[in-house]
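Structure first, commentary second.
Counting starts at 1 for both ligands and their atoms, in listed order. Counting begins at 1 with the first residue of the sequence.
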Amino acid sequence: MAATKGAMLYEGKAKKLFETGDPDRVVQYFKDDATAFNAQKKGTIVEKGVVNNKVSETLFRLLEAGGVPTHFVERLDDREMLTKKVAIIPIEVVVRNVVAGSLAKRLGLKEGEAIAPPLIEFYYKDDALGDPLITDEHVRLMKLADPATVAQIKELALKINALLAPFFRERQMILVDFKLEFGRHKGAVILADEISPDTCRFWDQTTKESMDKDRFRKDLGKIEEAYREVLKRVCG
Ligand code: UDP
């Protein structure tokens, strides 16, 4: 299917969205720009866009095969994929299998402790507010999603985790945690955005070293090498 790239609809921190000739389809372009701490830290990770595009493609295909509806249509080239146009639900859904990041900091829990069953958290997607942690009650108060949609999102998030965790385990990676965004397309709730080293924490099973954006957040070095290694293990 030929997709003609039209006007830019939106430019985010890591991606740009473009119109196509089809009102139901958009082109998602992956940039090398990296930000952290609500964009207070900015930088470039060379070839990150290519890695995130290809890794997302592989994971969206895996999820679709496992019965999870996603916005993925096809990968167009190194940095672009064609996706279904969605209205994003402004909730960042985080799934956690191991204590890390803001969870360790907020609650004083020990980084590296296993979490079973997995923990689901909601954050209100609002840069000006710094994406605050919210509960189902806040979702209801702010009318971000109705209770049936919240239930569906939680079910999908757990299903996605159940499909992804073993996939990474087979590749000697621990899926520590990850962030999902869902959108509405023709009345259905589907997975949108990306699944990549920008939005997940992966630890090497043997060394427990970070293979994700934490290398950028914490200035751990060898950032490009880590992204390339994720690409190699995920896409072969
Ligand atoms: N995450 C993300 N975008 C955000 C915040 C978090 O993709 O705006 C991902 C992050 O990469 C990690 C997970 O969500 O895999 C949990 O992040 P956490 O709440 O620990 O926040 P952080 O420590 O990254 O600030």
Side-chain angles (χ1 to χ4, degrees), residues 10-15 28 30-43 45 48-49 51-53 55-56 59-60 63 70-71 88-115 118-135 138 144 153-154 156-158 160-161 163-165 167-169 171 173-183 191-204 208-220 223 226-227 229-230 234:
Y10 168 82
E11 176 159 14
K13 288 176 286 219
K15 294 189 292 294
Q28 183 161 268
F30 291 77
K31 304 193 285 184
D32 283 352
D33 299 355
T35 63
F37 313 119
N38 203 19
Q40 286 169 6
K41 178 170 181 164
K42 292 193 175 93
I45 302 174
K48 171 171 85 77
V51 173
N52 288 2
N53 188 27
V55 168
S56 291
L59 300 178
F60 282 139
L63 294 174
T70 80
H71 72 157
I88 286 284
I89 298 168
I91 302 173
E92 298 199 343
V93 181
V94 169
V95 182
R96 300 182 184 270
N97 297 305
V98 178
V99 174
S102 71
L103 179 70
K105 215 169 159 184
R106 185 180 311 111
L107 301 181
L109 300 178
K110 192 164 170 276
E111 206 167 88
E113 294 278 316
I115 302 172
L119 180 70
I120 300 179
E121 295 175 334
F122 289 160
Y123 293 83
Y124 178 38
K125 188 174 155 65
D126 186 310
D127 284 339
L129 296 175
D131 298 343
L133 179 69
I134 54 173
T135 68
H138 296 112
L144 302 179
I153 285 174
K154 286 183 182 172
L156 284 170
L158 290 177
I160 291 164
N161 188 49
L163 290 163
L164 294 185
F167 175 86
F168 285 104
R169 209 173 299 129
R171 286 155 183 79
M173 294 158 82
I174 301 169
L175 179 60
V176 171
D177 56 32
F178 56 97
K179 185 262 299 181
L180 303 170
E181 294 184 26
F182 293 89
L191 180 65
D193 196 49
E194 67 184 288
I195 311 179
S196 71
D198 271 16
T199 64
C200 303
R201 282 195 173 93
F202 306 122
W203 292 352
D204 179 83
K208 304 289 190 292
E209 275 195 59
S210 294
M211 307 174 67
D212 56 64
K213 208 167 89 175
D214 268 353
R215 301 204 72 83
F216 170 76
R217 292 189 188 100
K218 302 182 184 174
D219 290 318
L220 298 176
I223 306 173
Y227 275 69
E229 181 62 22
V230 172
V234 169

Looking at ligand 1, is there an atom of it that comes within less than 4.0 Å of some heavy atom belonging to K105? no
Sub-3.5 Å donor-acceptor pair from the side chain of S210 to the main-chain atoms of W203, do we have one? no
Approximate separation, where rounding is to 0.5 Å, of K13 NZ and K31 NZ: 10.5 Å
Out of D177, N161, L164, which one pairs with N97 under the side chain to side chain contact (heavy atoms under 4.5 Å, CB included) rule? N161
Of the protein's non-hydrogen atoms, which lies at the shortest distance from atom 8 (O) of ligand 1, and what is that distance? E92 OE1, 3.3 Å
With a 4.0 Å cut-off on heavy atoms, is F37 touching ligand 1? no
Using a heavy-atom cut-off of under 4.0 Å, does the side chain or the backbone of A36 touch ligand 1, or both, or neither? neither
Can you list the atoms of ligand 1 that are under 4.0 Å from a heavy atom of V94? 14 (O), 16 (C)
Find all atoms of ligand 1 within a distance of less than 4.0 Å from any non-hydrogen atom belonging to R201, and give their numbers and elements. 12 (C), 15 (O), 16 (C), 17 (O), 18 (P), 20 (O), 22 (P), 23 (O), 24 (O)
Is any heavy atom of the protein nearer than 4.0 Å to atom 25 (O) of ligand 1? no
For atom 20 (O) of ligand 1, which candidate among S196, G130, S102 provides the closest heavy atom? S102
Would you mind listing which atoms of ligand 1 come within a distance below 4.0 Å of any non-hydrogen atom of D131? 8 (O)
Please round to the nearest 0.5 Å and tell me the distance separating atom CD of E229 and atom CZ of F202. 12.0 Å
Enumerate the atoms of ligand 1 whose separation from the nearest heavy atom of D198 is less than 4.0 angstrom. 7 (O), 11 (O)
Decide whether the shortest distance between a heavy atom of D214 and an atom of ligand 1 is less than 4.0 Å. no
K42 atom NZ: more than 12 heavy-atom contacts under 6.0 Å: no
Residues D198, Y227; criterion side chain to side chain donor-acceptor pair (under 3.5 Å); working and verdict: CA-CA 9 Å; D198 271 16; Y227 275 69; 2.6 Å; yes
For ligand 1, which atoms, with element, lie under 4.0 Å from some heavy atom of K179? 1 (N), 2 (C), 3 (N), 7 (O), 9 (C), 14 (O)
Closest to atom 11 (O) of ligand 1 (judged by heavy-atom distance), picking from K125, K213, R217, K218: R217
Do D212 and R201 meet the salt-bridge criterion of a basic N to acidic O distance under 4.0 Å? no
Regarding D219 and K41, does a basic nitrogen lie under 4.0 Å from an acidic carboxylate oxygen? yes
Suppose I only count heavy atoms of G101 and a 4.0 Å limit; which atoms of ligand 1 are within that range? 20 (O), 23 (O)
Reported CD1-to-CD1 distance for the pair I160 and I153, which is rounded to 0.5 angstrom: 10.0 Å
Closer than 4.0 angstrom: is that true for some heavy atom of R96 and an atom of ligand 1? yes
Nearest non-hydrogen protein atom, atom 12 (C) of ligand 1: D177 OD1, 3.1 Å
Going through the distances and angles, do K179 and E181 end up as a side chain to side chain contact (heavy atoms under 4.5 Å, CB included)? CA-CA 7 Å; K179 185 262 299 181; E181 294 184 26; 2.7 Å; yes
Is_contact(atom 4 (C) of ligand 1), protein non-hydrogen, under 4.0 Å: yes
Hey, is the main chain of D126 close enough, under 3.5 Å, to the side chain of D131 for a donor-acceptor pair? yes
